[in-house]
Amino acid sequence: MVDAGPSSLWPSETMPTSAFPSATTLAHDEGIHIPHDPTPISNGKNSETTRPAPPPPSRDSDEITWDGPADQENPQNWSIGRKWRITAVCVIMGMNVTFSSSAPTSAVQSIRAQFHLSAEVSYLITFTFLVGYVLGPFVWGPGSELIGRRPILVLAMSIYTLLHIPQALAPNIETLLTTRFLCGFFAVAPLVSGGSGMADVWSAEQRGIPVSLYSASVFMGPVMGPIVAGFIVDSGSLNWRWVLWVGMMFAGACTLFTAIFLPETYAPVILLRKVKQRRMVDPEGSKRLYAAHEKQDWSARGIVKRTLFRPFIMLSDELILVLVTIYLSIIYGVMYILFEAFPIIFIEKHGFTISHNGLIFIGVGIGTFLGALSTHFLATDYPKLIQIWRGFPPPEERLHAAMLGAPVFVIGIFWLGWTGEYTSIPWYVPALSTIPVGFGISAIFISFLSYLIDTYLMFAASAFAANTFARSLVAAGFQLFTVQMFEKMGVGYACTLLGGVGMLLAPMPFLFFRYGARVREGSRWAPGLDLKVKKQNQLEEEKIGMAV
């Protein structure tokens, strides 16, 4: 991450590698260059003039970079097969750690009975895990930028796996809650670095399907948790501790898969290794060489400034970030509300068993998968936009799926509430509502996270840290009052409250699509490269018109 304020965004250095760098490359380079493409533009008289491409600005010859655009050490140039293996690792990790966040929800009644807990204390089982999600990003994000993706992910996944042991053997609720918090703290590492790892290897033109699959996996994990745990608890031969033992087996297999198949993907760290190798081979001839990664401020003060201060400064400065964070926090919280609401609707009102209640989450899974696919199919023209906008299309082009998902989400919540309220309505009617609810959650989430990346570029990690902190905190807080809200207000009115908030926020993607560029013009932290490309195009067309 660049340790620079908004006033130092535009040094004269140009980007290495391709003319269309990934968001990850942008996030860790000290300069941004808007490439001049040779695309013909019309002069209004059926003739064409080609824009001259200026020579790229010079770069320090002592800085180690890639050996040309086809350098095979560059993750962007790796084979498709290798990229898909990395994608598979990220997908499995994302699914696994989110599985652990929700699996114990189906075992809450058994845990309450064994430890003689009040209902309020039992809500802390999910709450403490999500609090770990709140704090973890501030460690794993900069950690992956300092020493690389692979060591951070292997370390965090290993400790996360081992932390299942004290959970499964917990003699009291204090031990269980403490280890749940620690487990969430380490489990969030793949959610912080996994998506970045895929952006390391896939170009903007190629990453549509991989990112959609990864995003779907992050939502599929919480869906799978109650299904698997429900059958374990209802088996009769296995107690609630086996939910955690099975979670440990799943986590261990994922950790082993990660250790075997995940290489280092973070370009600055790969270049740092490259310069270290040259120093070993030729210490004298390489003593002037350096990698840009070495020039970053990795002192304790520099890290604290980027990881703790900058996200909250941005959250206080940026209207876009504030509004997106509010919206995503509500949507994320609703997903975790479902873990507490479904037992009220389907166990208490319709007489389902715990395992059958878990099966209702299949509808959420179908919806989230369809929502993830929609973000890809509604962006099939994105490669063309990349060419037109010289690598930097307007971020608002990422919001098409959210514009579909926002009203669908509201419809699904009202459908769930008022069909789940009455026992006279067959169970499958509210169960079907989970498909549009899942669709809306997924489409909104993926679209707006992509929007934040394209809006803040080199500061996207800080924007993500602020967003992750807020939404995890909201989701954790929702766990403390969801059951009371549904029992006191009734399913219909509780969902009406949620649907009303969703309806209030539903115009947001449409408003951002219409006015987002205008808001970004006044931003201290959004580079607005598309706005600069647009201005540059207008100036060049004016010059051509004057010449003609």
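These numbers were taken from a predicted model, which means no experiment stands behind them.
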Got a sec, which residues hit salt bridge (charged side-chain N to carboxylate O under 4.0 Å, His left out) with Lys384, two or more places apart in sequence or on another chain?
none
Return yes if some donor-acceptor pair links the side-chain N/O of Ser442 with the main-chain N/O of Thr368 below 3.5 Å, else return no.
yes
State whether the side chain of Glu63 and the backbone N or O of Ala291 hold a donor-acceptor pair below 3.5 Å, judged by distance alone.
no
Checking His400 against Glu397: is there a side-chain donor and acceptor pair closer than 3.5 Å?
yes
With side-chain contact (heavy atoms from CB on, under 4.5 Å) as the criterion, how do Val97 and Val188 come out once you've worked through the C-alpha distance, each side chain's angles and the decisive distance to 0.1 Å?
CA-CA 7 Å; Val97 298; Val188 78; over 6 Å; no
Kindly say whether the aromatic ring centers of Trp202 and Trp78 come within a distance under 6.0 Å.
no
Which label fits Phe469 and Phe312: parallel for a plane angle under 30°, tilted from 30 to 60°, or perpendicular past 60°?
perpendicular
Measuring from Thr87:OG1 to Ile209:CD1, what's the distance to the nearest 0.5 Å?
11.0 Å
If only atom types and distance count, is the side chain of Ser193 paired as donor or acceptor with the main-chain N or O of Pro190 below 3.5 Å?
no
With the side chain counted from C-beta on, respond yes when Lys83 and Gln206 share a heavy-atom pair under 4.5 Å apart, and no when they do not.
yes
I need the Leu155 CG to Ile159 CD1 distance, nearest 0.5 Å.
4.0 Å
Output every pair passing side-chain hydrogen bond (donor to acceptor under 3.5 Å, both in side chains) with a member in residues 90-99, not counting sequence neighbours, ordered by first then second residue.
Asn96-Tyr160
Can you check whether Pro509 reaches Tyr327 side chain to side chain, under 4.5 Å on heavy atoms?
yes
Could you tell me if Ser447 and Arg398 have a donor-acceptor pair between their side chains, going purely by distance under 3.5 Å?
no
Are any non-hydrogen side-chain atoms of Trp66 and Leu271 less than 4.5 angstrom apart?
yes
Salt-bridge contact Arg278-Asp67 (side-chain N to carboxylate O under 4.0 Å):
yes
Between Val364 and Val437, does the side-chain contact (heavy atoms from CB on, under 4.5 Å) criterion hold? Intermediate values first, please.
CA-CA 7 Å; Val364 181; Val437 170; 5.8 Å; no
Take a 6.0 Å sphere around NZ of Lys276 and say whether it holds more than 12 heavy atoms from other residues, nucleotides or ligands.
no
Expected output: side-chain Ser374 to main-chain Gly371 donor-acceptor under 3.5 Å:
yes
Pairs where residues 314-324 contributes a residue and the test salt bridge (charged side-chain N to carboxylate O under 4.0 Å, His left out) is met, not counting sequence neighbours:
Asp317-Arg524
Centroid-centroid under 6.0 Å between Phe361 and Phe339 rings
yes
Look only at the side chain of His293 and the backbone of Leu146, and say whether a donor-acceptor pair between them is shorter than 3.5 Å.
yes
I need the minimum non-hydrogen distance between Pro75 and Asp200, along with the two atoms involved.
CB-O, 3.6 Å
Val218 side chain reached by Phe445 side chain, heavy atoms, under 4.5 Å:
no
Just list the side-chain donor-acceptor pairs under 3.5 Å for residues 249-262, sequence neighbours left out, or say none.
| unit_1 | atom_1 | unit_2 | atom_2 | d |
| --- | --- | --- | --- | --- |
| Thr255 | OG1 | Met157 | O | 3.3 |
| Thr255 | OG1 | Thr161 | OG1 | 3.0 |
| Thr255 | OG1 | Ala251 | O | 2.8 |
| Thr258 | OG1 | Cys254 | O | 2.8 |

Verdict with reasoning, Ser144 to Arg149, per side-chain hydrogen bond (donor to acceptor under 3.5 Å, both in side chains):
CA-CA 5 Å; Ser144 70; Arg149 316 285 192 210; 3.2 Å; yes
For the SG atom of Cys90 and the CE atom of Met93, what is their distance to the nearest 0.5 Å?
4.5 Å
Would you mind checking if Asp530 and Arg520 are paired as a salt bridge, meaning a charged N to carboxylate O distance below 4.0 Å?
yes
Would you please classify the geometry between the Phe185 ring and the Phe181 ring as parallel, tilted or perpendicular, with 30° and 60° separating the classes?
tilted
With the side chain counted from C-beta on, respond yes when Leu321 and Trp525 share a heavy-atom pair under 4.5 Å apart, and no when they do not.
no
Look at the side chain of Gln167 and the backbone N and O of Leu163, then say whether any donor-acceptor pair between them is shorter than 3.5 Å.
yes
Do Ser102 and Phe129 have side-chain heavy atoms sitting under 4.5 Å apart?
no
Residues in salt bridge (charged side-chain N to carboxylate O under 4.0 Å, His left out) with Arg301, at least two apart?
none
Is there a side-chain hydrogen bond (donor to acceptor under 3.5 Å, both in side chains) between Tyr336 and Ser101? Walk through the geometry before answering.
CA-CA 10 Å; Tyr336 280 90; Ser101 72; 3.0 Å; yes
Can you find a side-chain donor-acceptor pair between Tyr266 and Glu145 that sits under 3.5 Å?
no
Residue pair Leu449 / Leu328, side-chain heavy-atom distance below 4.5 Å
yes
All salt bridge (charged side-chain N to carboxylate O under 4.0 Å, His left out) counterparts of Glu294, not counting sequence neighbours
Arg279
Using a 4.5 Å cut-off on heavy atoms from C-beta on, say whether the side chain of Leu473 contacts that of Tyr133.
no
Mind checking whether Phe186 and Trp140 have parallel, tilted or perpendicular rings, split at 30° and 60°?
tilted
Between Val474 and Tyr332, is a side-chain contact (heavy atoms from CB on, under 4.5 Å) present by the stated rule, with each step listed?
CA-CA 8 Å; Val474 169; Tyr332 194 67; over 6 Å; no
Check: Thr468 side chain, Ala465 main-chain N or O, donor-acceptor pair, under 3.5 Å
no
Of all the heavy-atom pairs spanning Tyr290 and Lys295, show the shortest one and how long it is.
CD1-CE, 3.5 Å
